Amino acid sequence: MPLYYPARYNEPIMTPTDKIWRNGHFIPWHDATIHVLSHVVNYGTSVFEGIRCYSTPAGPAIFRLRDHVRRMLDSARVYRMEDLGFTAEELAGAMLELVRVNRMDACYLRPIVLRGYGEMGVNGLKNPLDVYIACWEWGKYLGDEALAQGVDVCVSSWTRIAPNTLPALAKAGANYMNSQLIKMEALANGYSEGIALDAAGYVSEGSGENIFVVRDGRILTPPLGASVLPGITRDSVVRLAADLGIPLAETIVPRELLYIADEVFFSGTAAEITPIRSVDRITVGKGRRGPVTEQMQKEFFAIVQGSKPDRHGWLSYVA
Ligand code: PPE
């Protein structure tokens with residue numbers, strides 16, 4: 001039995017919004033197509049972002065918009081995508097405008113820079129760069145119960161992209177072939193998600209999330225050298241821990257620390273802050289969301305939903 005049946009074009013599984021932004025113009029959702037011989041299709045030549053827009057009492061607000069734009073431009077630079085044709089400010093403005101144009105409230109934004117149609121061959125430098133931004137509604141990433149109940153995960157048999165192979169600080173489409181191996185294996189074995197180890201055998205991150213371990217009231221998370229994406233949510237957790245007076249260190253995390261931790265949780269734009277209740281069928285702590293994770297979730301959601309002051313200036317209001 002396959003886990004999932006392949007979707008067909010006449011069975012849409014995501015709800016389209018009206019418009020997608022392409023190279024400075026709004027086009028109908030269904031017109032945002034590319035040629036099959038585009039460089040990106042053949043060689044994975046894209047960098048992208050995932051950004052959440054939250055519903056607040058003052059209207060929709062995009063979370064850490066400038067930080068996401070900056071990371072996308074950083075990713076582009078790593079891959080020698082030199083001139084996107086738009087400044088950081090223009091891209092940020094386009095995202096705010098897109099949420100307005102689509103009359104969305106809470107949604108997920110996906111800006112993508114890709115090398116398009118032109119020449120074939122590994123060198124893509126002559127192919128045009130196209131910039132797209134889409135948005136749609138995206139619910140709970142690891143299931144509806146995940147945020148409250150926690151998820152069951154495994155350590156993957158796949159190693160995370162190693163240093164000097166695919167650069168982990170760049171959020172590039174091709175990195176997600178590694179993520180897909182991790183994720184599909186986890187699902188096939190009955191887990192919600194897989195945690196990859198880095199090339200040295202230490203904990204790196206989930207297929208689409210950074211990871212945190214709590215033991216004796218201290219929070220630990222793998223350093224950037226452990227082949228992790230420099231997560232914006234990860235950085236938010238680091239700052240909130242400082243605000244809340246919870247000690248936190250970025251340090252090498254041995255695999256077995258996952259099993260003896262009091263709490264483990266994921267962070268990510270899509271996953272937000274998701275507790276992990278077991279790893280490799282070993283119960284983590286009491287097997288449910290722990291107090292530090294809960295405190296972190298409360299603080300995070302209070303800020304992004306506008307019920308606590310935005311003391312770090314993380315929200316960009318759409319209106
Ligand atoms: N690591 C990876 C590999 C990753 O993909 C993400 C985000 C993170 C860490 C967390 O980074 P940040 O979102 O900046 O806190 N994964 C995005 C894509 C998920 C997808 O399935 O697509 C996301 O959460 O939007």
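Keep in mind that this is a model prediction, so the values were computed, not measured. Below, all heavy atoms of this structure are taken into account, side chains as well, without hydrogens, waters or symmetry copies. Atoms within each ligand, like the ligands themselves, are counted from 1 in listed order.
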Inset, instruction - Check side chain to side chain contact (heavy atoms under 4.5 Å, CB included) between Asn102 and all other residues, then give those that pass, not counting sequence neighbours. - result: Thr17, Asp18, Lys19, Leu98, Met104, Cys135
Inset, instruction - List the atom of Ser75, the atom of Leu169, and the distance in Å for their closest heavy-atom pair. - result: OG-O, 4.3 Å
If you look at each N/O of ligand 1, which protein N/O atoms lie under 3.5 Å away, and at what distance?
| residue | atom | partner | partner atom | Å |
| --- | --- | --- | --- | --- |
| ligand 1 | 1 (N) | Glu205 | OE1 | 2.7 |
| ligand 1 | 5 (O) | Lys171 | NZ | 3.4 |
| ligand 1 | 5 (O) | Tyr176 | OH | 2.4 |
| ligand 1 | 13 (O) | Thr269 | N | 2.9 |
| ligand 1 | 13 (O) | Thr269 | OG1 | 2.5 |
| ligand 1 | 14 (O) | Arg71 | NH1 | 2.8 |
| ligand 1 | 14 (O) | Arg71 | NH2 | 3.0 |
| ligand 1 | 14 (O) | Ile232 | N | 2.7 |
| ligand 1 | 15 (O) | Ile232 | N | 3.3 |
| ligand 1 | 15 (O) | Thr233 | N | 2.8 |
| ligand 1 | 15 (O) | Thr233 | OG1 | 2.5 |
| ligand 1 | 16 (N) | Lys171 | NZ | 3.4 |
| ligand 1 | 16 (N) | Gly208 | O | 3.3 |
| ligand 1 | 21 (O) | Tyr141 | OH | 2.5 |
| ligand 1 | 22 (O) | Arg110 | NH2 | 3.0 |
| ligand 1 | 24 (O) | Thr269 | N | 3.4 |
| ligand 1 | 24 (O) | Ala270 | N | 2.8 |
| ligand 1 | 25 (O) | Tyr108 | OH | 2.4 |

Legend entry - Residues forming a salt bridge (charged side-chain N to carboxylate O under 4.0 Å, His left out) with Arg289, sequence neighbours excluded: Glu294
Legend entry - Ring-face cation of Lys183 near Tyr141 (centre distance under 6.0 Å, axis angle within 45°): yes
Legend entry - For Asp310, all residues meeting side chain to side chain donor-acceptor pair (under 3.5 Å), sequence neighbours excluded: none
Legend entry - Face-on cation placement of Arg281 at Tyr191 ring, 6.0 Å and 45° thresholds: yes
